[in-house]
Amino acid sequence: MPELPDVEGFRRVVADHATGSEVRSVRVLDPGVVHTSATGFTRALEGRVLGEPIRWGKWLRVPTRSRPEYPQLLAHFGMTGAFVWTSGEDADHRHDRVVFEFRDGSLRYRDMRKLTGLWLATEESDVAELLGELGPDAAGVSRRDLRERLTRTSRRLKPALMDQTAVAGLGNLCVDEILWRSRLAPTRSTADLDSAQWARLHARLRSVLRSSSRVGHVPDRPSWLTGHRDERDARCPRCSTALKRSRIGGRSTVWCPQCQPC
DNA sequence: ATTTCTGTTACTTC
DNA sequence: GGAAGTAACAGAAA
């Protein structure tokens, strides 16, 4: 689930319910997801007031309202993670790994597969080390930046757009949707797009992210390519041609051979 | 029992 | 050196 639009939804969960509130207690139900000792993690955050969360690509940073905003909580959601807010007496979900308790509810880091997790940053260098060479956030990237960063290497569009160090935030569904709307085949090389195609790619990228972020995921409506990913004899919502499906860059990829010619 | 999956990293192969 | 492919992580669903 979690790509940029999903993480944007989790950012809103934190901003709407937890920002400005004191963490009364932290329950680490699965020590495997916090990359410090469970007691160290708990001790660092209990009694702190959370600040405004910031999303960068698929990462979420939650500062604390202390002198220089540290420690900071850094969250990544892998393929199955989420932040879920519950108010009232909800029992723990079986995949709740960490629960932050507030006066009026609980913020739950819920993740089935535990591919990534939560980290604590004590200073800015911790953040830099964790996020590594993350590219500019895809939701705000300029056309010029997009082109420049994707043409640093010559490779197929699909893996190029998925590369978080080139541009941060795009995942498998986003990329297929963007390429379909841009009428560009995922196998096309970043080296041979003309200016009009770069302009269209940038425009579609921005609009797909804007509308997806509003709902907190890539919509699976019938008018979207994503709405047909899981169908057996899926057809293009635009031209009804049978959609193609294969593995590109190790990821399942769906595209329309008619609308997106090689 | 086998295959698949919205992510990332490390390693191998070409 | 760079691009591309694979396995691994862990767990559930088809």
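The sequence lines fix the lettering, A, B, ..., with proteins before strands; numbering per chain opens at 1.
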(request) Please measure how far the C1' atom in C:dG1 lies from the corresponding atom in B:dT8, and state the result in whole Å. (result) 22 Å
(request) Can you tell me the distance, in whole Å, between the CZ atom of A:R251 and the P atom of C:dG5? (result) 14 Å
(request) Please determine, for the side chain of A:H76, which listed nucleotide (B:dG7, C:dA12, C:dA3) has the closest atom? (result) B:dG7
(request) Indicate yes or no: at least one non-hydrogen side-chain atom of A:Q260 is less than 4.5 angstrom from one of A:R188. (result) no
(message) Expressed as a whole number of angstroms, how long is the span from A:H35:NE2 to C:dC9:C1'?
(response) 11 Å
(request) Look at A:E101 together with A:R24 and state whether they make a salt bridge at an N to O cut-off of under 4.0 Å. (result) no
(request) Using only side-chain N and O atoms of A:R94, determine if any of them is under 4.0 Å from OP1 or OP2 of C:dA12. (result) yes
(message) Any carboxylate oxygen within less than 4.0 angstrom of a Lys/Arg side-chain nitrogen, looking at A:E124 and A:R61?
(response) yes
(message) Ring centres under 6.0 Å, that's the criterion: do A:W85 and A:F100 meet it?
(response) no
(request) Would you check if there is a donor-acceptor pair between the side chains of A:R147 and A:S195 at a distance under 3.5 Å? (result) yes
(request) Between A:R152 and A:G250, name the one whose nearest nucleotide on DNA chain C is closer to the 5' end. (result) A:R152
(message) With a 4.0 Å limit, can you tell me whether A:Q164 has a side-chain N or O closer than that to the phosphate oxygens OP1/OP2 of B:dT8?
(response) yes
(message) So, OP1 or OP2 of B:dT8: does either fall under 4.0 Å of a side-chain N or O from A:K58?
(response) yes
(message) Considering every strand and a 4.0 Å limit on heavy-atom distances, what is the contact class for A:R232: base, sugar-phosphate, or nothing?
(response) nothing
(message) Between C1' on B:dT8 and CE on A:M79, what's the gap in Å once rounded to a whole number?
(response) 9 Å
(request) With DNA chain B as reference, determine whether A:M112 or A:L130 sits nearer its 5' end, using the nearest nucleotide of each. (result) A:M112
(request) Look at all strands and tell whether A:S154 reaches a base, only sugar-phosphate, or nothing, counting heavy atoms closer than 4.0 Å. (result) sugar-phosphate
(message) What's the closest nucleotide to the side chain of A:K114 if the choices are C:dG11, C:dA3, C:dC9?
(response) C:dG11
(request) For A:R245 and B:dT4, give me the distance from atom CZ to atom P, rounded to whole Å. (result) 11 Å
(request) With the side chain of A:R97 defined as its heavy atoms from C-beta on, choose the nearest nucleotide among C:dG11, B:dG7, B:dC5. (result) C:dG11
(message) Let's see if you can work this out: which of B:dC5, C:dA3, B:dT8 has an atom nearest to the side-chain heavy atoms of A:R247?
(response) B:dC5
(request) Choose from B:dC5, C:dA4, C:dC9 the nucleotide whose nearest atom is closest to any side-chain atom of A:S252. (result) B:dC5
(request) Write down the distance between CZ (A:R155) and P (C:dG1), rounded to a whole number of angstrom. (result) 17 Å
(request) Under 4.5 Å between side-chain heavy atoms, chaining through other members, with only Ile, Leu, Val, Met, Phe, Trp and Tyr counted: pull out the rest of the cluster around A:W180, sorted by chain and number. (result) A:L225, A:L243, A:V254
(message) Side chain of A:H95 only, heavy atoms from C-beta on: which candidate in B:dC5, C:dA12, B:dT8 is closest?
(response) C:dA12
(message) Can you give me the closest heavy-atom contact between A:F77 and A:A82, atom names plus distance?
(response) CD2-N, 3.6 Å
(message) Expected output check: what is the dot-bracket annotation of DNA chain B, where ( ) and [ ] are pairs inside the strand (brackets for crossing ones), | is paired with another strand, and pairs are Watson-Crick or G-U under 3.5 Å?
(response) .||||.||||||||
(request) Return the value, rounded to whole Å, for the distance between atom CH2 of A:W59 and atom P of B:dG7. (result) 14 Å
(request) For the side chain of A:T153, starting at C-beta, report the closest nucleotide among B:dT8, C:dA12, C:dA3. (result) C:dA3
(request) Please state how far atom CG in A:D96 lies from atom P in C:dG11, giving the value in whole angstrom units. (result) 15 Å
(request) Could you check which of C:dG5, B:dT8, C:dA3 has an atom nearest any side-chain atom of A:R156? (result) C:dG5
(message) Side chain of A:M162, heavy atoms from C-beta onward: which of B:dG7, C:dA3, C:dG11 has the nearest atom to it?
(response) B:dG7
(request) Identify whether the distance between the nearest side-chain nitrogen and carboxylate oxygen of A:R251 and A:D176 falls below 4.0 Å. (result) no
(message) Regarding A:E148 and A:R144, does a basic nitrogen lie under 4.0 Å from an acidic carboxylate oxygen?
(response) no
